[in-house]
Amino acid sequence: KSILEAKKMKLTNIGKLSDKSERNSVGSEKYSAYIFPLSFTHKLESNEEMWKKFGDNYRGVKITYCFNNNIEELIDKDSLAEGMYEGKINSKFEFLGKNSNHYLSNDELLNKGLLVQLHYNDVDYINKEKLGFESSFKIKDEFWLDLYKFGKIKARYEYQEETRLTAVIMTNKKIKKINYLYVPLNLDKLREFRIEFGNKCKQEDIDEIENIIKKEHLKNIKLIK
């Protein structure tokens, strides 16, 4: 409902994720305050495990973003990202594309002014019980963070077929820690925005979503009941 009304996606600060292994993966408070991952999946067919874990046991919805060329079409780059709650920012985007420039150094964080940099990559599933996130960090002449290694997930989650979008706030300013980052969606450029209702979804919720679509005059919306 909030995605349709605000036309924005909410990215969560890595320190606030429900998965403890990911929450503890950032060994430096300097970096954890600036990193906001958001998970997607390539799996379009219905999957019971996914509906149970992420769809409130069929009481929720599945949203599918269908774009013509690549994920960059999803983001309205002419708008501003907004940081909410403890800290607040308004910032332009820089989209680095898939699997590009995964290393961020301390100097980069300090010399970019204020910018939200967007990275994305497919998750790499590994057969280890302990992931060893500390390998994401390298000590050279300074402290380095390898974003690609954040995309290593335990093999038992391979059914999720995950792609991860990671927003990084690049700034030389001191800002309070931000809990959530809101990124404007480019709904008009999407080929289709599918909403599939779980078979336990309440009729009043379905009605409310249909009313929002009418009220907001949204295009390219496909409802699957």
From [atom1] ([X]) to [atom2] ([Y]), nearest 0.5 Å:
X    : Y    : atom1 : atom2 : answer
F40  : E162 : CZ    : CD    : 10.0 Å
K222 : R191 : NZ    : CZ    : 11.0 Å
L165 : L38  : CG    : CG    : 6.0 Å
N211 : I206 : CG    : CD1   : 12.0 Å
I63  : I195 : CD1   : CD1   : 6.0 Å
L218 : I209 : CG    : CD1   : 11.5 Å

For the student: nearest non-hydrogen atoms of [X] and [Y], plus distance:
X    : Y    : value
K189 : N68  : O-ND2, 3.9 Å
I169 : V116 : CG1-CG2, 4.3 Å
A167 : L118 : CB-CD2, 3.7 Å
P184 : K8   : CA-CG, 3.9 Å
P37  : T12  : CD-O, 3.1 Å

Could E49 and K43 be called an ion pair, given the rule that one side-chain N must be under 4.0 Å from one carboxylate O?
-> no
side-chain hydrogen bond (donor to acceptor under 3.5 Å, both in side chains) pairs touching residues 212-221, sequence neighbours excluded, are K7-E216
Distance-only, no hydrogens or angles: does the T41 side chain make a donor-acceptor pair with backbone N or O of Q160 under 3.5 Å?
-> yes
Does E5 use its side chain to pair, donor to acceptor, with the backbone of I212 at less than 3.5 Å?
-> no
ring-ring contact (aromatic ring centres under 6.0 Å, His included) involving F197 - partner list, sequence neighbours excluded = none
Only counting residues at least two apart or in another chain, list the ones meeting ring-ring contact (aromatic ring centres under 6.0 Å, His included) with Y58.
-> W51
Beyond-backbone contact of [X] with [Y], side-chain heavy atoms, under 4.5 angstrom:
X    : Y    : value
M9   : L185 : yes
I178 : F36  : yes
I224 : T64  : no

With side chain to side chain contact (heavy atoms under 4.5 Å, CB included) as the test, would you mind laying out the steps for E73 and N186 before giving the verdict?
-> CA-CA 7 Å; E73 295 173 7; N186 205 342; over 6 Å; no
Which salt bridge (Lys or Arg N to Asp or Glu O under 4.0 Å) pairs, counting each pair once, include a residue from residues 53-70, with sequence neighbours left out?
-> D56-R59, K62-E196
Report the residues that fulfil salt bridge (charged side-chain N to carboxylate O under 4.0 Å, His left out) with E204, sequence neighbours left out, ordered by chain and then residue number.
-> none
D205 meets the side chain to side chain donor-acceptor pair (under 3.5 Å) criterion, sequence neighbours left out, with K1
Do F193 and L44 belong to the same hydrophobic cluster, where Ile, Leu, Val, Met, Phe, Trp and Tyr are linked whenever their side-chain heavy atoms lie under 4.5 Å apart, directly or via other members?
-> no
